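To keep things clear, I will list the structure first and then write my remarks on it.
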Amino acid sequence: MQLTSLLGLLATATLAVGQASNNTTGKLGDARPVRNNPVIGEVWVAKFDSPTVKGFVTAVANTVGVNYTIDVTGLPVDQGPFKYHVHVRAVPSDGNCADTAGHLDSYLRGDSPPCNSAAPQTCEVGDLSGKYGTVTGPSVLKR
Ligand SMILES: *[C@@H]1O[C@H](CO)[C@@H](O)[C@H](O)[C@H]1NC(C)=O
Ligand SMILES: *[C@@H]1O[C@H](CO)[C@@H](O)[C@H](O)[C@H]1NC(C)=O
Ligand SMILES: *[C@@H]1O[C@H](CO)[C@@H](O)[C@H](O)[C@H]1NC(C)=O
């Protein structure tokens with residue numbers, strides 16, 4: 001059973017975009033909740049261990065949906081806010097993030113135009129910052 005992998009923060013820093021009142025949804029419609037998850041409690045971790053940025057993002061399969069926790073320190077304060085996404089593939093052992101493919105986007109939504117966080121089912125599935133908000137340095141603890 002392949003859950004998706006997490007790639008984490010340090011995507012492109014972007015300017016905060018005003019909350020869109022546009023409920024653009026995926027070409028395949030709104031995301032549907034995953035129920036009877038076969039991997040409840042399974043934990044996926046994206047670990048950050050650079051000289052400056054340390055911490056982790058965890059994803060735990062819940063009865064319905066996924067619980068995410070972001071606990072990262074050392075983010076540059078002169079950059080951001082930072083977006084973060086779930087990518088299709090895990091970061092390989094050589095650490096090359098280019099091998100993670102695109103964002104998880106099961107309903108073919110894309111992350112532009114920005115999603116309405118009040119209607120998360122319309123967002124790109126992997127667009128976590130679109131659904132839960134961007135993060136800024138130096139440290140983040142977000143559940
Ligand atoms: C909503 O998004 C669609 C698709 O990108 C775009 O064509 C439309 O202009 C947007 N509407 C508003 C009000 O932003
Ligand atoms: C996910 O979070 C909810 C709300 O805090 C909690 O009730 C639930 O036990 C969590 N699930 C897992 C698998 O950690
Ligand atoms: C977008 O979805 C939210 C939540 O379902 C709803 O309250 C709002 O009216 C919708 N906005 C538009 C422009 O359809």
Side-chain angles (χ1 to χ4, degrees), residues 1-50 52-77 79-97 99-143:
M1 181 61 55
Q2 179 70 15
L3 255 179
T4 54
S5 61
L6 285 177
L7 173 68
L9 308 169
L10 299 182
T12 42
T14 56
L15 293 173
V17 179
Q19 184 58 64
S21 65
N22 192 339
N23 292 348
T24 303
T25 193
K27 288 189 174 67
L28 302 181
D30 286 349
R32 289 179 294 276
V34 173
R35 299 184 189 279
N36 304 316
N37 198 325
V39 291
I40 291 169
E42 190 166 302
V43 183
W44 287 65
V45 181
K47 192 171 179 220
F48 299 89
D49 193 17
S50 81
T52 52
V53 181
K54 298 193 184 301
F56 55 84
V57 178
T58 59
V60 185
N62 197 14
T63 318
V64 177
V66 177
N67 290 2
Y68 293 100
T69 302
I70 303 173
D71 187 353
V72 176
T73 60
L75 289 171
V77 293
Q79 294 170 42
F82 296 100
K83 292 182 173 182
Y84 49 100
H85 305 93
V86 179
H87 281 241
V88 172
R89 288 202 290 268
V91 178
S93 52
D94 68 5
N96 183 359
C97 294
D99 290 344
T100 60
H103 298 168
L104 179 66
D105 190 13
S106 321
Y107 295 86
L108 308 180
R109 161 64 166 82
D111 63 358
S112 179
C115 77
N116 179 0
S117 59
Q121 71 281 6
T122 67
C123 300
E124 180 185 68
V125 172
D127 183 8
L128 301 186
S129 49
K131 292 190 255 193
Y132 310 122
T134 54
V135 297
T136 52
S139 57
V140 181
L141 176 58
K142 195 176 173 73
R143 295 174 199 281

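All values derive from a computational prediction rather than experimental measurement. Indexing begins at 1, ligand by ligand and atom by atom, following the structure's order. Just the heavy atoms: all of them, side chains too, but no hydrogens, waters or symmetry mates, feed the values below.
- When the heavy-atom distances from atom 12 (C) of ligand 2 to Val64, Asn37, Thr69, Asn67 are ranked, the shortest goes to Asn67.
- For atom 7 (O) of ligand 2, no protein non-hydrogen atom is found at a distance below 4.0 Å.
- Taking atom 9 (O) of ligand 2 as the reference point, the nearest protein heavy-atom neighbour is Asn62 OD1, 4.5 Å.
- Inter-residue side-chain proximity for Tyr68 and Lys142 is flagged as unmet; no heavy-atom pair is nearer than 4.5 Å.
- Tyr107 is not listed as a side-chain neighbour of Asp30, based on a closest heavy-atom distance of 4.5 Å or more.
- At least one heavy atom of Val60 sits less than 4.0 Å from an atom of ligand 2.
- Other residues, nucleotides and ligands contribute more than 12 heavy atoms inside 6.0 Å of the CG atom of Asp49.
- For ligand 2, the atoms closer than 4.0 angstrom to any heavy atom of Ala61 are 13 (C).
- Two residues are said to be in side-chain contact when any heavy atoms from C-beta on lie closer than 4.5 Å; Arg143 and Asn67 fail this criterion.
- Tested against Tyr84, the residues Asp127, Val57, Val135 include a single side chain to side chain contact (heavy atoms under 4.5 Å, CB included) partner, Val135.
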